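Accompanying notes for the structure given below.
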Protein chains: 2
Amino acid sequence: MFSINQSLYEAGSCSDSYAILQGMLSSSQADTDQNPNLISPSFMAEAKAAAASNSHKEAERRRRKRINGHIATLKSILPNTIKTDKASLLGETVRLVKELKKTTSELTAIDAETNGELSTSLTLMFPSETDDLNVCHCENSGLIRAAFSCDDRPEMIPELIQALKSAEAKVVRAEMSTVGGRTKSVVWVKLLTGESDAGLGRLRRELKKVVMEKSISLAGSGQGLPGNKRPRYYHL
Amino acid sequence: MFSINQSLYEAGSCSDSYAILQGMLSSSQADTDQNPNLISPSFMAEAKAAAASNSHKEAERRRRKRINGHIATLKSILPNTIKTDKASLLGETVRLVKELKKTTSELTAIDAETNGELSTSLTLMFPSETDDLNVCHCENSGLIRAAFSCDDRPEMIPELIQALKSAEAKVVRAEMSTVGGRTKSVVWVKLLTGESDAGLGRLRRELKKVVMEKSISLAGSGQGLPGNKRPRYYHL
DNA sequence: ATCAACACGTGACTC
DNA sequence: TGAGTCACGTGTTGA
């Protein structure tokens with residue numbers, strides 16, 4: 001069905017058959033349709049159409065190549081390339097882009113809260129004189145920001161770790177400063193469970209224990225650290 | 001060229017023409033090719049082929065729809081959709097995915113340096129007794145980590161800001177702790193200029209000034225802040 | 001008239 | 001077999 005005149009232009013990259021024919025025609029005299037031995041206008045038109053079809057064909061080939069090339073690189077980029085199917089691949093790409101955009105916006109939203117000169121800001125804060133606790137949703141990201149000031153105690157960090165673990169909160173970022181026996185902490189967390197508002201309440205409850213629990217354990221705890229010294233590193 | 005038998009299966013969504021013919025055939029007696037009035041096997045085969053072609057056609061339609069649907073959502077997702085061209089769109093997608101992956105890896109590489117229980121860790125550090133400065137490349141991300149301990153002075157933060165600005169370093173993240181008049185800071189920065197190693201040296205030089213410059217300005221500077229009090233907020 | 005981009009139907013191939 | 005995917009060539013439309 002497609003084999004009509006295919007032998008004329010299909011072999012190799014001979015997109016110049018029309019040009020060749022033009023050269024042949026220009027070097028010959030005028031001819032008519034009646035003379036079958038010379039190049040007739042009808043044959044000329046046919047060759048022209050064939051050449052046009054050929055260029056069109058090759059242009060489409062190039063276009064396909066570009067698209068498929070990008071899809072191939074996408075396939076090499078994507079992490080979970082289980083389905084090598086082209087549609088599924090694009091779907092997976094959409095999913096990944098959404099996820100990455102969300103992640104980056106979450107991570108950069110923290111910096112964007114207060115914008116400084118060098119486009120990334122940092123707010124250095126000092127502890128307040130009275131104990132306080134503030135837990136709230138971050139506006140754009142799905143994160144929760146918890147800030148609190150209280151007396152600095154050696155047991156606070158482990159308690160904080162335990163509180164965050166109980167609230168199933170993953171620490172995305174934390175800033176702490178300690179001055180004059182008082183400490184202020186700001187932690188940005190991502191809740192591991194779906195229920196956002198319930199999780200926020202739970203987190204606030206857990207943190208309240210940490211903030212309000214004054215240093216009771218100073219007298220007890222025979223297995224405590226020597227000299228009331230705080231260990232150097234903590235992992236949140 | 002494509003119009004052969006198109007009227008049989010092209011009108012509407014009639015992919016059941018073959019089934020109809022089967023029903024007609026089962027209710028009639030056996031026939032031969034010689035009898036043109038009855039449904040002949042050749043016609044039967046023709047109808048069957050038409051039905052197959054039809055289902056094939058529709059399957060391909062579905063496939064195209066899925067692919068183009070994903071491409072359309074990609075188009076809505078992408079930020080700079082100047083070229084609505086399909087190939088350019090995919091190319092832009094590749095670029096975006098690479099960029100986002102790089103960004104997130106940079107941002108999370110900081111947390112991944114020391115891995116804690118809740119998959120995001122935080123190392124709380126204490127100032128050393130002696131002044132020190134350490135500037136190095138982060139392993140995987142293109143970031144530079146600068147850590148230093150020194151006496152805590154009110155002028156230190158503005159000086160630090162100036163130093164980072166001079167080194168053309170953008171702060172990605174910073175952690176500071178101050179205890180007993182000593183302060184330790186760790187800042188992760190991204191150099192705004194191309195030359196990485198030269199930039200690192202410049203940053204080290206600038207920071208060295210901050211760390212080593214002991215509080216000379218305590219006596220002078222008539223326009224200083226009242227009471228040697230540190231301002232509450234700094235923007236890095 | 002040329003070119004680029006698109007959707008379509010079809011043959012080849014795989015599971 | 002049938003359902004699915006792919007590359008291909010073609011018709012069409014807009015700059």
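By convention in this document, chain letters (A, B, ...) are assigned in the order of the sequence lines, proteins followed by strands, and residues within each chain are numbered from 1. Computed from a predicted structure; not experimentally measured.
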Closest non-hydrogen atom pair between [X] and [Y], with its separation:
| X | Y | result |
| --- | --- | --- |
| A/D132 | A/V211 | O-CG1, 4.1 Å |
| A/L200 | A/C136 | CD1-C, 4.1 Å |
| A/E159 | A/V210 | O-CG2, 3.8 Å |
| B/L89 | B/L78 | O-CD1, 3.7 Å |

Looking at residues at least two apart in the chain, or sitting in another chain, which of them share a side chain to side chain contact (heavy atoms under 4.5 Å, CB included) with [X]?
| X | answer |
| --- | --- |
| A/K208 | A/L133, A/M212 |
| B/K65 | none |
| A/I67 | A/R63, A/I71, B/K86, B/A87, B/L90 |
| B/E206 | B/A163, B/S166, B/A167, B/K209 |

To the nearest Å, give me how far apart [atom1] ([X]) and [atom2] ([N]) are.
| X | N | atom1 | atom2 | result |
| --- | --- | --- | --- | --- |
| B/H56 | D/dT5 | NE2 | C1' | 9 Å |
| B/R62 | C/dA7 | CZ | C1' | 17 Å |
| A/E60 | C/dC6 | CD | C1' | 8 Å |
| A/N54 | D/dT10 | CG | P | 9 Å |

Contact residues, residues 64-74 of chain A to DNA chain D [heavy atom, < 4.0 Å]: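 Under 4.0 Å from DNA chain D: A/R64, A/N68.
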
Go through residues 82-92 of chain A and report each residue with a non-hydrogen atom lying under 4.0 Å from DNA chain D, sorted by number. A/D85, A/K86

Between [N] and [X], is there an OP1 or OP2 to side-chain N/O distance shorter than 4.0 Å?
| X | N | result |
| --- | --- | --- |
| A/S55 | C/dT2 | no |
| A/R61 | D/dC8 | no |
| B/K57 | C/dG11 | no |
| B/R63 | D/dC6 | yes |

I need the B/L96 CG to B/I77 CD1 distance, nearest 0.5 Å. 9.5 Å

